[in-house]
Amino acid sequence: MAEKKIIRWGVIGPGEIAGHFARSFPTQDGCELLAVAGRTRTKAEAYAKSYGIPRVYGSDVELAADPDVDAVYIATPTSAHVPNILACLKAGKHVLCEKTITMNAAQLDECAAAARENHVILAEGLTSVYEAVMPFMKRKIASGEYGKVQFITVTCGSDKPYDSSNRYFSPALGGGAIFDIGCYAIGFANYFMTSYPTSVKSDGLICGTGVDLKSSYLLRNDEDELASVIIGLRGKTEKIGIISCEKAFVRIEQFIRGHKATVTFPDGRTEVYDFPVTQLDAEAVAMNEDIRAGRPECSLCPVDLSRSILTVMDEARRQWGYRFEFEKGE
């Protein structure tokens with residue numbers, strides 16, 4: 001049996017989330033953490049020391065120029081993603097970027113074009129879709145086993161203490177419920193709908209900093225499937241997604257890191273599908289597989305899914321009047 005090609009990774013943005021990535025990094029999958037870059041070299045050096053990473057750089061451009069780096073994990077604030085992504089893609093690196101991948105759909109289109117031009121993969125680190133339960137249930141639902149999808153409901157609440165200086169409440173950094181957890185909740189709905197939404201009706205409660213504390217979304221697609229999504233930053237809930245089909249409904253709890261799906265039939269019978277919970281290693285493993293297979297994009301989180309989420313978010317923000325400074329001249 002031929003040995004796996006070793007995939008050498010770099011990390012940009014050595015903060016808390018990147019720490020999770022390093023601690024769960026799947027070295028058993030024939031890959032290694034080779035390099036790290038941060039806004040300050042001191043922070044990057046501390047990260048490198050903590051996780052045994054041999055190469056340290058002071059900028060994304062320096063790391064992208066390393067000829068030995070094959071793929072890059074980006075964990076900077078959302079507002080910095082585009083320059084980080086483009087620096088890597090244009091240098092021929094595959095990119096796995098933390099959610100939310102860009103500030104709007106137009107930025108994602110620019111990045112996706114760069115990925116195509118340079119024949120590399122661009123993928124969003126949307127944790128939920130890399131959990132085994134999600135593609136498994138998507139295949140079962142798409143097969144028609146439970147009948148046609150009728151509607152989807154998603155609730156997702158967290159409890160963030162209000163602090164106008166915190167990134168969660170900063171419009172400049174892509175704050176608000178919509179950017180913190182909205183991508184997961186909207187993503188759940190879009191993931192299981194037969195086609196992506198074509199109609200969006202949304203309402204959001206905007207706080208003093210200009211971002212949404214809580215927001216709701218009613219989505220509809222060309223198959224007349226509906227989805228109702230409610231999210232918030234000031235009231236913690238279970239993260240629950242329910243897909244109602246003609247012959248059964250499917251419930252996935254804690255879907256951001258989901259592992260179990262319960263299917264309930266009209267007569268009360270249930271089917272339970274349970275999978276091991278993974279960490280961020282699942283995202284790296286999926287990227288490694290796609291890179292080795294020479295695929296043009298990530299099979300578990302294609303760009304079209306990320307674009308569909310951002311398209312809903314863009315329209316919702318338009319309806320609320322939540323715009324970024326760089327959008328106001330457009």
Item to check | Smallest separation among heavy atoms of Tyr51 and Gly19, with atom names | outcome: OH-CA, 3.6 Å
Item to check | Check: Pro135 and Val129 side chains under 4.5 Å, non-hydrogen atoms | outcome: no
Checklist entry - Judged by atom type as modelled, is there a donor-acceptor pair below 3.5 Å linking the side chain of Lys239 to the main-chain atoms of Thr155? => result no
Checklist entry - Can you check whether Arg295's main-chain N or O pairs, donor with acceptor, with Asp290's side chain at less than 3.5 Å? => result no
Checklist outcome for this item: To the nearest 0.5 Å, atom SG of Cys88 lies from atom OH of Tyr73 at 13.5 Å
Item to check | Side-chain heavy atoms of Arg257 within contact of Gln279, under 4.5 Å | outcome: yes
Checklist entry - Quick one: do Glu297 and Arg116 make a salt bridge, cutoff under 4.0 Å? => result no
Next on the checklist: Using modelled atom types and a 3.5 Å cut-off, is there a donor and acceptor pairing between side-chain atoms of Lys99 and backbone atoms of Tyr184?
Outcome noted: no
Checklist entry - CZ of Arg307 to CD1 of Ile309: how many Å apart, nearest 0.5 Å? => result 11.5 Å
Checklist entry - Should we say atom CD of Glu16 is surrounded by more than 12 heavy atoms from elsewhere, each under 6.0 Å from it? => result no
Next on the checklist: Using the rule that Ile, Leu, Val, Met, Phe, Trp and Tyr join whenever any side-chain heavy atoms are under 4.5 Å apart, tell me whether Ile152 and Tyr196 fall into a single cluster.
Outcome noted: yes
Checklist entry - Backbone N or O of Ala71 within a donor-acceptor pair of the Arg8 side chain at under 3.5 Å? => result no
Next on the checklist: Between Val149 and Met193, is there a side-chain heavy-atom distance shorter than 4.5 Å?
Outcome noted: no
Checklist entry - Do Glu124 and Ser306 meet the criterion of a side-chain donor-acceptor pair at a distance under 3.5 Å? => result yes
Next on the checklist: For a quick test of reading the model, state the closest non-hydrogen atom pair linking Gly157 to Thr237 and the distance between them.
Outcome noted: N-OG1, 2.8 Å
Next on the checklist: Are the side chains of Thr27 and Glu32 in contact, using a 4.5 Å heavy-atom criterion?
Outcome noted: no
Checklist entry - In terms of hydrophobic clusters joined by side-chain contacts under 4.5 Å, are Val82 and Leu173 together? => result no
Checklist entry - Between Ser202 and Glu315, does any side-chain donor sit less than 3.5 Å from a side-chain acceptor? => result no
Checklist entry - Which atom names give the shortest non-hydrogen contact between Ser24 and Asp281, and what distance separates them? => result O-CB, 2.9 Å
Checklist entry - Going through the checks in order, is the side-chain contact (heavy atoms from CB on, under 4.5 Å) test met by Arg41 and Val56? => result CA-CA 7 Å; Arg41 191 177 181 90; Val56 177; 4.2 Å; yes
Checklist entry - Can you hop from Val312 to Phe151 via hydrophobic side chains spaced under 4.5 Å? => result no
Item to check | Check: His81 side chain, Thr100 main-chain N or O, donor-acceptor pair, under 3.5 Å | outcome: yes
Item to check | Closest approach of Met134 to Phe188 (non-hydrogen atoms, all atoms of both residues) | outcome: CE-CD1, 3.8 Å
Checklist entry - Taking atom types as modelled, is there a side-chain donor on Thr278 or Glu131 under 3.5 Å from an acceptor on the other? => result yes
Checklist entry - Would you find a donor on one side and an acceptor on the other, under 3.5 Å apart, between the side chain of Thr209 and the backbone of Phe169? => result yes
Checklist entry - Is a side-chain donor-acceptor pair under 3.5 Å present for Glu283 with Thr127? => result yes
Checklist entry - What is the minimum heavy-atom distance between Ala105 and Thr311, and which atoms define it? => result CB-OG1, 4.2 Å
Item to check | Value rounded to 0.5 Å, distance of OH in Tyr57 from CG in Asp66 | outcome: 3.5 Å
Checklist entry - Stepwise, does the side-chain contact (heavy atoms from CB on, under 4.5 Å) test hold for Glu225 with Phe192? => result CA-CA 10 Å; Glu225 299 164 357; Phe192 285 108; over 6 Å; no
Checklist entry - Should the ring pair Phe179 and Tyr322 be called parallel, tilted or perpendicular, given that the plane angle runs from 0 to 90° and is split at 30 and 60? => result perpendicular
Next on the checklist: Within the 4.5 Å heavy-atom criterion, are Thr102 and Glu110 side-chain neighbours or not?
Outcome noted: no
Next on the checklist: Tell me whether Lys138 at atom NZ has more than 12 heavy atoms from other residues, nucleotides or ligands lying less than 6.0 Å away.
Outcome noted: yes
Checklist outcome for this item: Closest non-hydrogen atoms of Gly187 and Leu305, given as atom of the first, atom of the second and distance, are O-CD1, 4.4 Å
Checklist entry - Given Glu327 and Arg317, is the side-chain contact (heavy atoms from CB on, under 4.5 Å) satisfied, shown in steps? => result CA-CA 11 Å; Glu327 294 174 320; Arg317 290 191 301 108; 2.8 Å; yes
Item to check | Within 6.0 Å of NZ in Lys260, more than 12 heavy atoms from elsewhere | outcome: no
Checklist entry - Is Arg292 salt-bridged to Asp29, going by a charged N under 4.0 Å from an acidic O? => result yes
Next on the checklist: Keeping Asp267 on the side-chain end and Arg269 on the backbone end, is there a donor-acceptor pair under 3.5 Å?
Outcome noted: yes
Checklist entry - Hey, are Ser308 and Asn190 close enough side-chain-wise for a donor-acceptor pair under 3.5 Å? => result yes
Checklist entry - Once you round to the nearest 0.5 Å, how far does SG of Cys183 lie from CD1 of Ile101? => result 10.5 Å
Item to check | Joint hydrophobic cluster, Trp320 plus Leu219, side-chain heavy atoms closer than 4.5 Å | outcome: yes
Next on the checklist: Less than 4.5 Å apart, side chain to side chain, heavy atoms only: is that true for Asn84 and Val72?
Outcome noted: no
Item to check | Arg39, CZ: over 12 other non-hydrogen atoms inside 6.0 angstrom | outcome: no
Checklist entry - Checking side-chain contact (heavy atoms from CB on, under 4.5 Å) for the pair Tyr130/Cys298: CA distance, chi angles, key distance, verdict? => result CA-CA 11 Å; Tyr130 295 91; Cys298 179; 3.7 Å; yes
Per-pair distances, 0.1 Å, donor-acceptor, side chain in residues 243-256, under 3.5 Å, sequence neighbours excluded:
from	atom 1	to	atom 2	distance (Å)
Glu246	OE1	Lys148	N	2.9
Arg251	NE	Glu253	OE2	3.0

Checklist entry - Between Asp314 and Asn104, is any side-chain donor less than 3.5 angstrom from a side-chain acceptor? => result no
Checklist entry - Counting only N and O atoms by type, is there a donor-acceptor contact under 3.5 Å from the side chain of Asp203 to the main-chain atoms of Ser216? => result no
Checklist entry - Are Leu96 and Trp9 close enough that some pair of their side-chain heavy atoms sits under 4.5 Å apart? => result yes
Item to check | Atom pair CG (Leu233) and CD1 (Ile178), whose distance is rounded to the nearest 0.5 Å | outcome: 11.0 Å
Checklist outcome for this item: Interatomic distance, CD@Gln319 vs OG@Ser215, rounded to 0.5 Å, equals 11.5 Å
Next on the checklist: Run Ser195 and Asp222 through side-chain hydrogen bond (donor to acceptor under 3.5 Å, both in side chains) and show every step you take.
Outcome noted: CA-CA 7 Å; Ser195 65; Asp222 288 339; 5.2 Å; no
Checklist entry - Quick one: does Thr76's side chain get under 4.5 Å of Ile12's, heavy atoms only? => result yes
Checklist entry - Hey, any chance Leu34 and Val61 share a hydrophobic cluster, counting ILVMFWY side chains that come within less than 4.5 Å of each other, even indirectly? => result no
Checklist entry - Do NZ/NE/NH1/NH2 and the carboxylate oxygens of Lys236 and Asp159 come within less than 4.0 Å? => result no
Next on the checklist: Is it the case that the ring center of Phe21 lies less than 6.0 angstrom away from the ring center of Phe25?
Outcome noted: yes
Checklist entry - Ignoring hydrogens and geometry, is there a side-chain-to-backbone donor-acceptor pair from Ser170 to Arg167 under 3.5 Å? => result no
Checklist entry - Is Asp70 reaching over with its side chain to a backbone N or O of Ile7, donor-acceptor style, under 3.5 angstrom? => result no
